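Below: one structure, written as structure tokens.
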Amino acid sequence: MTFKHNFKKVLSATAFAAALVVAPAANVSAATNDASSTQQSATATSQDQQASQDQAASQSSAANQSSSTSTSSATSTSTVKKVAKKTKKTSKKKAVKKVAKKTTKKKATKKAKKTSKKSTKKTTKAATAAVTASADQSQATDQQDDAAKKAAEAAAKKAAAAKKAAAKKAAAKKKAAAKKKAAAKKAAAKKKAAAKKKAAKKSAEKAAKYWIAMRESGGYYTARNGSCYGRYQLLISYLGGDLSKKNQERTADRYVYGRYGSWVNAKRFWLAHNWY
């Protein structure tokens, strides 16, 4: 009975160790399940074998049973040691894989952090570039606005200057027109005055001429006093033989204007001397 029990334990341990060695570290639980199934199968086989061995065991001697038990115990101990050694080796491999996995995860995390940092740096750089570009664009817009404002101010200033110049020109033109009008008015007045003066002079001349004629002959063209003849009592030699009224008027004017400059002056002389 001891041999049978030890055989079952050895068979189960061997199956479990084989499952641990063959299966990867990540599938240890699956290997354990397979080992359990194998153990159950071995148990069933062992039960079948147990019946036949019970018959054989009853026929064996007590000495053979003792020898078989010792041999079986030694074999079982050796097998357990091997299984323990394999289990330790498997655990070590699992630990190594766990460390490798942890290292890989750490590296992946570090790489992810590095990538994230790089991406953040790149994003920051892009954002900075965008802000700089926006600032440059804003500055350019401000410059354009300033230029447009200055241009508008210059245009307004130019328009104001043109308006002022136009107003000044219009004022100058108006002033020139007024001056010209005043000059024309003055000239007209002067001309009128001259005409008036001339008319007055003419009237005075006519009056003076008539006054002398009335004093000399009483106004008759045929009056005669010695060598003087006519309306103005001119020497007959002055008339040149032409005693007509027209010639008397023409000769009298020529004599007076040549001697006195005007009939008014002749009248003035007559008043002073009673003759002319």
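This is a predicted model, so every value here is computed, not measured.
For Y229, there are no ring-ring contact (aromatic ring centres under 6.0 Å, His included) partners, not counting sequence neighbours. Taking Y255 as the reference, Y238, Y276 meet the ring-ring contact (aromatic ring centres under 6.0 Å, His included) condition, with sequence neighbours excluded.
Side chain of Q233 to backbone of S227: no donor-acceptor contact under 3.5 angstrom is found. Proximity of a side-chain donor or acceptor of R231 to a complementary backbone N or O of A213 within less than 3.5 Å is not detected. In this structure, N247 contributes its side chain and D242 its backbone to a donor-acceptor pair below 3.5 Å.
Dense packing is recorded around OH of Y257, with more than 12 heavy atoms of other residues, nucleotides or ligands lying under 6.0 Å away.
Taken from NZ in K149 to CD in Q144, the straight-line distance is 15.5 Å, to the nearest 0.5 Å. The structure places CG of D145 at 12.5 Å from NZ of K150, a figure rounded to the nearest 0.5 Å. To the nearest 0.5 angstrom, L234 atom CG is 10.5 Å from L243 atom CG. Atom-to-atom distance recorded for K164:NZ and K157:NZ is 11.0 Å, nearest 0.5 angstrom.
Under the 3.5 Å distance criterion, with hydrogens and angles disregarded, no donor-acceptor pair is assigned to the side chains of Y210 and E205.
Residues G230 and S217 share a closest heavy-atom pair of O-CB, 3.4 Å.
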- Message: Quick one, R254 with R250, criterion side-chain contact (heavy atoms from CB on, under 4.5 Å). Give me CA distance, side-chain angles, the key distance, then yes/no.
- Response: CA-CA 6 Å; R254 187 167 59 248; R250 186 169 53 244; 4.0 Å; yes
- For C228 and L235, run side-chain contact (heavy atoms from CB on, under 4.5 Å): C-alpha distance rounded to whole Å, both residues' side-chain angles, the deciding distance at 0.1 Å, then the answer. CA-CA 4 Å; C228 294; L235 291 173; 4.0 Å; yes
Show me, pair by pair, the donor-acceptor contacts under 3.5 angstrom made by side chains of residues 258-274, not counting sequence neighbours?
| residue | atom | partner | partner atom | Å |
| --- | --- | --- | --- | --- |
| S262 | OG | N265 | N | 3.1 |
| S262 | OG | N265 | ND2 | 3.1 |
| W263 | NE1 | D253 | OD1 | 2.8 |
| N265 | OD1 | R268 | NH1 | 2.6 |
| N265 | ND2 | Y260 | O | 3.0 |
| W270 | NE1 | E216 | OE2 | 2.9 |
| H273 | ND1 | F269 | O | 3.1 |

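Following chains of ILVMFWY side-chain contacts shorter than 4.5 Å, one can reach Y232 starting from L239, so the two form part of one hydrophobic cluster.
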